[in-house]
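Notes to accompany the following structure.
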Number of protein chains: 2
Amino acid sequence: MTEETVVRNTKQRAAVRDVLADCEGFHSAQDLHALLRDRGERVGLTTVYRTLQGLADAGEIDVMRPPGGEHLYRRCSRGHHHHLVCRSCGRTVEVEGPAVESWAEKMAGRHGFVDISHTLEIFGTCTDCAAKQKTD
Amino acid sequence: MTEETVVRNTKQRAAVRDVLADCEGFHSAQDLHALLRDRGERVGLTTVYRTLQGLADAGEIDVMRPPGGEHLYRRCSRGHHHHLVCRSCGRTVEVEGPAVESWAEKMAGRHGFVDISHTLEIFGTCTDCAAKQKTD
DNA sequence: GCGCTTTTGACAATCATTACCATTATCGGT
DNA sequence: ACCGATAATGGTAATGATTGTCAAAAGCGC
């Protein structure tokens, strides 16, 4: 078995990685597709999805699934980190939590799980938005 | 503003809470809708979604959003906890992490965020599935 | 019981993501 | 550099969960 699926290098994949490298924040697949179009790169939406999926599997990019919408992808900056997202204005702050990492590993190991990954998002209301809400 | 929306007690809402009280694990909205139908309760799918949403907002139930599918809802057992999910067989183990809770609070506070909530899911391969994969 | 307002629920609409599949591009060998 | 096998692409259709719509049916306060 073990279908040695030969992976090929295509300009489309390179293009996707390029946009991801250039834009800092999180972007939806459709966003990235539009950005590629703007750059003059002709990449199909389907391909964008496929590539993003592949990159995510390979651990090269971050995926965030905010409640109520599309998946957001981002170039994985060095190291693993999590996000603190304002549920009102969407502002995102990166936070690192080595403690969480090791905690997750430990917990998983205790139950015999291997090949661990985890997703953690923190939602809250940022200072600005909290202030605004008072004036409603 | 502050539209004093008067919340009413309806048998449909009661029915949804009842199924949630009776079934232990996670279920999708459509699942619960089917369960209600089996019980002879006549509740529309739309209403199930709405009720679930409301309960989730009120913090009465847990919501899990597994990668690649529908939302899963569950009666919120006492206390906050997280889930260790086998990405192969779907087996779910509950884990508690007070450390994570306080870490999240601290991090959020440090950035001026208030009204914090967070989602954390750990994915891995359980012992059984790991063993099976070796025989592929 | 009477209104007023919230809820319900059948069905349509939305919308991100996936499946299809014929066409095209890549890669390793010649 | 050409060829042939096959992975990758991309337009479009399909999928499927969730949400919107709105007339009809229930709550709740009086």
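Each chain gets a letter, A, B and so on, in the order the sequences are listed, and its residues count up from 1. Since the structure is predicted, the reported quantities are computational estimates derived from the model, not experimental observations.
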[X] [atom1] to [N] [atom2], straight-line distance once rounded to whole Å:
| X | N | atom1 | atom2 | value |
| --- | --- | --- | --- | --- |
| B:Arg13 | D:dA25 | CZ | P | 19 Å |
| A:His33 | C:dA16 | NE2 | C1' | 14 Å |
| B:Leu45 | D:dT21 | CG | P | 18 Å |
| B:Glu41 | C:dG9 | CD | C1' | 15 Å |
| A:Arg37 | D:dG11 | CZ | P | 9 Å |
| B:Leu32 | D:dA17 | CG | C1' | 14 Å |
| B:Tyr49 | C:dT8 | OH | P | 16 Å |
| B:Arg50 | D:dC22 | CZ | P | 14 Å |

Inset, instruction - For the pair B:Arg13 (side chain) and B:Arg8 (backbone), establish whether a donor and an acceptor sit closer than 3.5 Å, ignoring hydrogens and angles. - result: yes

Inset, instruction - Measure from the side-chain N and O atoms of A:His33 to the backbone N and O of A:Gly44, and report whether any donor-acceptor pair falls under 3.5 Å. - result: no

Legend entry - Of B:Val48 and A:Ser28, the one whose closest DNA chain C nucleotide lies more 5': B:Val48

Inset, instruction - Using heavy atoms to find the nearest nucleotide of DNA chain D for B:Ala29 and A:Gln12 separately, return the residue whose nucleotide is more 5′. - result: A:Gln12

Inset, instruction - Return the angle between end axes of the helix from C:dG1-D:dC30 to C:dT30-D:dA1, with five pairs used per end and rounding to 10°. - result: 50°

Inset, instruction - State, yes or no, whether a side-chain contact exists between B:Asp18 and B:Arg39 at a heavy-atom distance under 4.5 Å. - result: yes

For [X] and [N], is the shortest distance between a side-chain N/O and OP1 or OP2 below 4.0 Å?
| X | N | result |
| --- | --- | --- |
| A:His71 | C:dT17 | yes |
| A:Thr47 | D:dG10 | yes |
| A:Arg42 | D:dG10 | no |

Legend entry - Candidates C:dT6, D:dT9, C:dT18 - which lies nearest the side chain of B:Arg8: C:dT6

Inset, instruction - State which of D:dT18, D:dG11, D:dA8 makes the closest approach to the side chain of B:Gln30. - result: D:dT18

Legend entry - B:His118 versus B:Glu105, side-chain donor and acceptor atoms under 3.5 Å: no

Legend entry - Any donor-acceptor N/O pair under 3.5 Å between C:dT6 base and B:Thr10 side chain: no

